[in-house]
Amino acid sequence: MGLSVNTNIAALNAYRNLSSTQNDLSKSLEKLSSGLRINRAADDAAGLAISEGLRAQIGGTTQAVRNAQDGISVVQTAEGALTETHSILQRMRTLSVQASNDGGLSSTAKGNIQDEIGELKKELTRISDTTQFNGKTLLNGSYEGVFQVGANTSSADSITVDLTAKSMSAAGLGVDNIDVTSGGSTWTFGPGTMDYAGAAPAADLSFAFGGNTYTVDAASITWAGGGTANASQAEANRNALQSAVDSALSGSGLSVKFGAYGDVTVQGPEKTAAGAAVVTGDLVADVDGAAGADTATFANVASNAGATSAIDAIDAAIQSVSKVRSQLGAVQNRFDHTINNLNVAVENLSASDSRIRDTDMASEMVSYTRASILSQAGTAMLAQAKSLPQSVLQLLQ
């Protein structure tokens, strides 16, 4: 190489190598300070694309864990309420067994038992109507929740909690109409037999029950319409007839109810000592304006049938609630296993992303040390190369 003043090739070469070293040193400092091997797409374009895909999976899977935890919360809320539902049903069953003990209970005592059962039925319905999670009612037969427990959109990434099979209200469980004071079976005769818009009863109403006869004086009933009553008068006639019968049968244990469409229902909860028929004889009245009396004859009613029927109905309700609680327990266990699996997936995905994106600090420190030494050497050599043209001065002396 010749001596030149205008172009210092050695200095240019030293400068080029020093610039390259400085660039490597800068990148090493960036990786060491950020902890990331890939700080921009230029660092590793393919690696960045893979890493971002993994991060999408990690974020989605982490959220799926929280979704599954929400599912557990829903199940626990519903199951907790059903725990109390079970307790109420068990209490109702105990009361029904007590009510079936005819030999030790009066009608008044049975009525007191029925009062408590009535309140318990109301509470069953209240629990069903008010048990909620984040504004969603859980136990009224309308709840069906789909929980996203995966990072993707396939159906396999969801779990459904379905509580639509049955309402947990008293009506939904089939215990809304239980009555331990009743005889259980009822006899209904003749829809249309009682024509409340027709003529007033032409004869007294007579009931034979438990060895006694109960009579309603037809003349005591105020009847409207004179055989051509309108709808409101007909309803007033029905109410007047019902009031008179209720008054006459008060304390008898016999119940006679007049329906809106002319049907008549009779119930008798008590039994005679001799075991004879508890409802016997005729219901006699002439309320349809036709000649002769309308007559119906009634058969036996077992005294504890209402309580026995209540026990059967409550047993079925308990089984229904047990089935739902079992299903909820099973789905909660499924959520638990799902969460465990998702957490393992997050761990493995994070490890994969780390291998691609994170800095290997030891390896990078080696690179940094090398670049640092080369930078110092390059700086020194650039200084030496800059001084080379000074030797030309010796030729000019």
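Throughout, residue positions are numbered sequentially from 1 according to the sequence presented.
Aromatic ring centres of Y143 and F133: separated by at least 6.0 Å.
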Show your reasoning for whether side-chain hydrogen bond (donor to acceptor under 3.5 Å, both in side chains) applies to Q57 and N152. CA-CA 8 Å; Q57 288 292 304; N152 303 310; 3.1 Å; yes
For L120 and L124, run side-chain contact (heavy atoms from CB on, under 4.5 Å): C-alpha distance rounded to whole Å, both residues' side-chain angles, the deciding distance at 0.1 Å, then the answer. CA-CA 6 Å; L120 292 175; L124 283 177; 5.8 Å; no
Begin with the C-alpha distance, continue with both residues' side-chain angles, and end with the deciding distance and a verdict on salt bridge (charged side-chain N to carboxylate O under 4.0 Å, His left out) for E119 and R126. CA-CA 10 Å; E119 292 302 314; R126 192 196 68 80; over 6 Å; no
Given the rule in the side-chain contact (heavy atoms from CB on, under 4.5 Å) test, do T137 and D129 qualify, once you have shown the distances and angles that lead to the verdict? CA-CA 7 Å; T137 304; D129 292 342; 5.9 Å; no
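Although no hydrogens or angles enter the test, the distance criterion places a donor-acceptor pair under 3.5 Å between the side chain of N39 and the main chain of L36. The main-chain N or O of T21 is never found under 3.5 Å from a side-chain atom of S375 such that the two would form a donor-acceptor pair. With T338 contributing its side chain and R334 its backbone, the two residues share a donor-acceptor pair below 3.5 Å.
By the 4.0 Å N-to-carboxylate-O rule, E30 lies close enough to R40 to be salt-bridged with it. Salt-bridge check for D176 with K121: failed, with every basic side-chain N at 4.0 Å or more from each acidic carboxylate O.
R370 and S28 are not linked by any side-chain donor-acceptor pair at a separation below 3.5 angstrom, with hydrogens and angles left out of the test. At a cut-off of 3.5 Å, with distance as the only test, no side-chain donor of T359 or R37 sits close to an acceptor on the other residue. Using modelled atom types, one finds a donor on one side chain and an acceptor on the other under 3.5 Å when comparing D246 with Q242. Looking only at atom types and distance, the side chain of E144 has no donor-acceptor partner in the side chain of T164 under 3.5 Å away. N112 and E116 are not linked by any side-chain donor-acceptor pair at a separation below 3.5 angstrom, with hydrogens and angles left out of the test.
Taking each heavy atom of A68 and I339 in turn, the nearest pair found is CB-CG1, 3.5 Å.
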